[in-house]
Amino acid sequence: MDRITCMQVFTVVVKEKGFSAAARKLGISKVQVSNYIAQLESELGVRLLNRTTRQVSLTTTGFAYLEPCTNVLESFIHLQHSVKELHQTPQGLLKITAPSTFAEIHLIPVLSCFKEKYPEVQIDLQLNDHYVDLIEEGYDLAIRIGTPEDSSLVAKPIGKIHSYLCASPDYLKLHPAITSLNDLSNHQLIADTNYRSGKVWQFTHKDDAQRQSVEVKASLNINSAQAVRALVLNGQGISLCPDFAVKSHIETGAINQLLPQWQAPTMDISAIYPSRQHVSAKVRLFIDEFSAYYQEQTKL
């Protein structure tokens, strides 16, 4: 039996002036009430109540114990309410980890909007293109690209990321034409090493579902979608790039999408957090805000 419960039962017995009345008030049996009181007296090593067949009264020690006991219980209840309010109201530190280029494009606008709505939340965003252990490093939330690796964590799907085979118009003017995936072996390739497929680019033909893999013998290997995009724009070669890094440049013609009939596998974008139980308001609301933003952006 825990001390707080014993103390609560004690105060109810005093208020209701008896074990039977206290049992009815608490919705438990008279025997349970008696056991709680006996446990409390045993732990304290004192008698708190005088018991007769007709009534229950406080001993001198019990009378002295009642007021501080009541104060402790009131403080405990206040603490519970404060913790619940802190959990249910978006406030305090929200620690997030996310991949660099993706976060710079899609997460920063969400942070601005979220801070305007919930100014009591302090955000610590760490941009990392490597795996971060949420539990060990104390993160509340991770935004991740690809299939979640740790099944003990909760993964909420946010959307999909597409990848495009890309080159700049200047590069294409100076190098042999590309009419098939086999032609890539004659070109300068730039590899974004964040892709988990490693040194193999995999494609599926959108018409007949034929599959083909390309072994990537890259002249440049970089773990940054933004850096790869810069090299592609500078005419340094061909690369497989995620849509969030190059879509706007394809739309303006600064980058050309190559062989659009061949599609690379899509990647999941997910919000990862430690547990489904007792999810704090700041985590839940940030995920909702980010999900709504990303869905709206991908409609465009």
Side-chain angles (χ1 to χ4, degrees), residues 98-106 127-131 142-149 155 157-270 294 297-298:
S100 299
T101 305
F102 180 85
E104 290 166 0
I105 295 171
H106 284 302
L127 304 185
N128 298 292
D129 286 324
H130 61 272
Y131 180 83
I143 304 302
R144 288 187 178 153
I145 297 171
T147 304
E149 296 178 353
I158 300 297
K160 298 285 187 182
I161 291 174
H162 301 273
S163 296
Y164 304 132
L165 199 59
C166 298
S168 71
D170 288 342
Y171 175 88
L172 295 174
K173 288 176 185 177
L174 299 174
H175 294 84
I178 301 170
T179 58
S180 72
L181 292 173
N182 294 329
D183 294 333
L184 294 178
S185 60
N186 300 317
H187 286 266
Q188 299 175 45
L189 303 183
I190 306 168
D192 182 347
T193 56
N194 286 314
Y195 280 93
R196 295 181 185 177
S197 57
K199 295 184 177 181
V200 176
W201 290 344
Q202 299 173 338
F203 298 91
T204 302
H205 200 283
K206 68 177 183 179
D207 294 330
D208 57 14
Q210 177 187 350
R211 295 183 180 182
Q212 186 171 340
S213 297
V214 174
E215 184 179 356
V216 182
K217 296 179 179 179
S219 58
L220 289 164
N221 296 276
I222 305 176
N223 67 332
S224 166
Q226 188 166 246
V228 169
R229 178 187 64 198
L231 289 166
V232 170
L233 283 167
N234 198 36
Q236 297 302 307
I238 298 169
S239 188
L240 187 65
C241 302
D243 56 7
F244 60 81
V246 297
K247 189 174 181 180
S248 62
H249 297 277
I250 291 174
E251 291 170 350
T252 62
I255 290 177
N256 288 2
Q257 180 184 0
L258 309 178
L259 307 176
Q261 69 273 26
W262 288 100
Q263 300 175 336
T266 58
M267 298 178 289
D268 295 323
I269 178 77
S270 305
Y294 190 75
Q297 290 299 305
T298 52

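When reading the values below, keep in mind they use all heavy atoms of this one structure, side chains included, and skip hydrogens, waters and symmetry mates. All residue numbers refer to positions in the sequence shown, counting from 1. Predicted, not measured: the structure shown is a model, and the values here were computed from it.
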### Query
W262 and L181: which non-hydrogen atoms are nearest, and at how many Å?
CD2-CD1, 3.5 Å

### Query
Between W201 and S163, is any pair of side-chain heavy atoms under 4.5 Å apart?
no

### Query
Short question: side chain of N234, backbone of Q236 - any donor-acceptor pair under 3.5 Å?
no

#### Entry: Sub-4.5 Å side-chain heavy-atom contact between N194 and T101
no

#### Entry: Partner residues of P169 under the side chain to side chain contact (heavy atoms under 4.5 Å, CB included) criterion, sequence neighbours left out
N256

### Query
Any side-chain heavy atom of C166 within less than 4.5 Å of one from I250?
yes

### Query
Just wondering, do D268 and P157 contact through their side chains at under 4.5 Å, heavy atoms?
no

### Query
Got a donor-acceptor contact below 3.5 angstrom from the H175 side chain to the Y171 backbone?
yes

### Task
Return yes if some donor-acceptor pair links the side-chain N/O of R196 with the main-chain N/O of T147 below 3.5 Å, else return no.
yes

#### Entry: Sequence-distant partners of N128, side chain to side chain contact (heavy atoms under 4.5 Å, CB included), two or more places apart
T97, Q126, H130, V132, Y139

### Query
Does a side-chain heavy-atom distance below 4.5 Å link Q212 with N182?
yes

### Task
Please say whether more than 12 non-hydrogen atoms of neighbouring residues, nucleotides or ligands are located less than 6.0 Å from CD in E215.
no

### Query
Quick one: which of L165, N186, L259 gives a side-chain contact (heavy atoms from CB on, under 4.5 Å) with I178?
L259

#### Entry: Side chain proximity check, V232 to I255, heavy atoms < 4.5 angstrom
yes

### Query
Do the rings of F102 and Y294 sit parallel, tilted or perpendicular, given the 30° and 60° boundaries?
tilted

### Task
Answer yes or no: is there a side-chain heavy-atom contact under 4.5 Å between Y164 and P260?
no

### Task
Check whether any side-chain heavy atom of Y195 sits under 4.5 Å from a side-chain heavy atom of M267, and report yes or no.
yes

